[in-house]
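All chains are named by letter (A, B, ...) in the order of the sequence lines, taking the proteins before the strands, and each is independently numbered beginning at 1.
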Amino acid sequence: MTAKAQTQPQTQAPTQTRTQARNESRTRTVWPRRRVHALHLDPGARTAVPQGTRLHDLAVDGHLDATAVLRLRLPVLDALQDGPAVVLVDVSAVDRIAPSGVAGMLDLVRLARSRGGDLRLHGRSAAIEHAHRTVRLDAVVRTYAGREEALGVARA
Amino acid sequence: MSESRLVTVRVLATLLVAFGLAYVGWRWTGTVAWHAWWIAVPLVVAETYSLGESVLFGLTMWNARRRPSPPPAREGLAVDVYIATYNEPLELVARTALAARDMTYPHETYVLDDGDRPEFARMAAALGVGYVTRGPEWDGRARFAKAGNVNNALFRTTGDFIAILDADQVPEPRFLDRVLGYFEDETIAFVQTPQQFWNVPDDDPLGSRAELFYGPIQQGKDGWGAAFFCGSNAVLRREALMALGLTRFSQEATGRLRTALRGARSRVQDLEGRLAVRAPSALPVAEEALAAIRRAEGRVRHGDVLGEVTYALRQEIHAATLAHPDIDLPEDVTAELDDVVEHVEVVRTDQALAIQPMETSTITEDMATAMHLHAMGWSSAYHHEVLVLGLAPDDVGTMLSQRHRWATGSMQVFFSDNPLAVKGLTLAQRLMYLGTMTSYLAGFSALVYLAAPVVFLLTGVFPLVADPVAFALRFVPFFVCCQAMFLVAGAGSRGLWRGQQMSFALFPTWIAATLSGAAAVFLGRHVSFAVTSKTGTDGADGWRHVRTQVVLMVLLGLAAVIGVVRAAAGDASVTATAVTLVWIAVDLAMLWVVVGAARYRGFTGPDPTAPASSELDAALVLATADDGPAASRPLP
């Protein structure tokens, strides 16, 4: 199986720096207004990471937004540089999340999978669970309870 | 709009509906010349359509409002300014970048260069602004034109608010200060400001002025909670866009995966068939891949997490290719299975981004994005103050190409994502979007309005059976109300007559665009995004773009002569001929606009957006020098 090669996107920052520090407490995230449904999740569908797969552990905390995801992008790219790898991201310390954070994490999953690997979130985070339920993303990606579960060790 | 004018407009709108319904009701019930149904029915349908459009216009104007000034922009907001470019000249983009950089509210400016031109990167570095282009992940994948360019940048930058400018749209220093205050209302997803062009002569031969739209119409839509996002000169809330992208992604994920798995099963079955003939030894691989796809389909039906289903499928197909080391698997089989896996993956490894916040299903991404933001419950604002000056098309060919793109995109949305069927919109919002989209169907009604008098004057077949006085008594009040409401609502807006002419005379463009939009939706035809030229390259050959209209004008003239001769010879009713000649005169007056458009050779006046700037000159020199400044530091 081959994966399409990707390199870092060509982006250069303005030389002028942001003169006003971001006041995070003022930036309230407005999620779409929709009813939250419970979703049937079958633990039997979890997928074990094959033996011999390279693993990389990362963690994010605090506010998961566009800035946090962009910061995470480089280590994820580094992890995938030498071929397929599974990146395990501990999100248990995430206490707030913006739609940009959710979208950015999903794009990192795409990035990892397009290179033959995967990116899995683990750790209990009420903010992430709420966000995923709100946009029904819990039907698409799972946030595992812990690292072992993310690896599927219980079943492997 | 002032209170007294609004009252007048509402009175006129009420009268228009009353007179209009009376006229069209009368037309349908007793005046259709059924013996000549092939022209009589299209005519009465066209008239009914025109009434509908007039009612929608009246409804829009009913709530036209001028917003009070927004609160001052709060300090400390993180704002990114995007300048989207593809093939525009370096100097034009540099001028916009310089003006954008110098806006007074603290922000970061990025040139989004879809042309991936090194000199643009050097120019950006010299001006101290950011530069974003597509990465290799876009190679060989759908690029989605400007929407893709903006989406790419959204995942490369971090500002909470995004100001979008087209390459030629030069902002005033106070642009951000004037509009950011609206975002104190946390339901506001975007603020749109007018688009005004500096290179339009007083007689506006190409009908570029959009003062009616960027005035009463946008104010009316705003009054109904449906201000339009028009792609440039607007500021958007990042999180609204991202929430929209996420919602659409998750809503479509299951259906898309089911479809993709069906397609994958079909492809692998085809592969099996081919292998049975040319490489039977490789059949077990295809059979195992097919079994894996069927298992994946079962898991989707069972409600398993989709990301796990596609991960498992990938692993299983991968395992199938490795499970038979004794089989010499043809390369094309591996490639086919790779492609199957890529296209099935729920997080869209077949695309450069998992989420597309800006709509990519149409070439008018702005309208579709705004409509879905409104459907999600976000609100919007139209700020009626010219804060940006840009370039209008400078020749008839470019103008027609631009209008064709707008119309095609709108009709794409009309056919594929009709506002009447989009969940979450209010009735008024649905009608505001519908009014804009259906306005492009005017091409068909114009064709009927041109054909009917010609048919009568040449053949004597009149599509209407009515006493002339009865006709006048019903038609004239309706017509007068339409025109009066148009004039009152648009008072102060330049180019009202030119706008009416263009709406009628560009009927071939509207018809072609409607057909293109339908073909794109129903037949899957590709619609290309034609970037509006900013260099006016087509000015010398304007006539070829308006051949249809010129031929029709000649035909109308000939028909008039023949009609007069027939009436003089007693072969046709004098009254009907006189009415039809007036009709012909109106048609000719409307079509005449193409003569001026075809003859127009471009604007020759001064450029108010080109201040002498040694910094700009220096940046251009550095940009075009081989050893210009390198890219500045990368983002983390």
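Taking every heavy atom of both residues into account, A:Pro99 and B:Ala243 meet most closely at CB-N, 3.7 Å. Minimum heavy-atom separation, B:Ile355 to A:Ala103: CG1-CB, 4.1 Å. Of all heavy-atom pairs spanning A:Asp138 and B:Val305, the tightest one is O-CG2, 3.9 Å.
Both the sub-6.0 Å distance and the 45° axial angle are satisfied by A:Arg120 relative to the ring of B:Tyr311.
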**Item:** side-chain contact (heavy atoms from CB on, under 4.5 Å) evaluation trace for B:Phe249 with A:Val135
**Value:** CA-CA 9 Å; B:Phe249 172 85; A:Val135 289; over 6 Å; no
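Checked by atom type and distance alone, the side chain of A:Asp107 pairs as donor or acceptor with a backbone atom of B:Ala354 at under 3.5 Å. Proximity of a side-chain donor or acceptor of A:Arg110 to a complementary backbone N or O of B:Asp350 within less than 3.5 Å is not detected. The backbone N or O of A:Gly117 lies less than 3.5 Å from a partner atom in the side chain of B:Arg314, making a donor-acceptor pair.
Rounding to the nearest 0.5 Å places CZ of A:Arg136 at 14.0 Å from CG of B:Leu246. For the atom pair CZ of B:Arg141 and OG of A:Ser114, the computed distance is 6.5 Å after rounding to the nearest 0.5 Å. Rounding to the nearest 0.5 Å gives a distance of 11.0 Å between OG1 of B:Thr349 and CG of A:Leu111. In this structure, the separation between OG1 on A:Thr67 and CG on B:Asp160 is 7.5 Å, given to the nearest 0.5 Å.
For the residue pair B:Glu239 / A:Ser100, a side-chain donor-acceptor distance below 3.5 Å is found, with atom types taken as modelled. Side-chain atoms of A:Arg113 and B:Thr310 include a donor-acceptor pair closer than 3.5 Å.
With contacts defined as side-chain heavy-atom distances shorter than 4.5 Å, the pair B:Phe155/A:Val69 does not qualify. Contact check for B:Val347 versus A:Leu106: side-chain heavy atoms found under the 4.5 Å cut-off.
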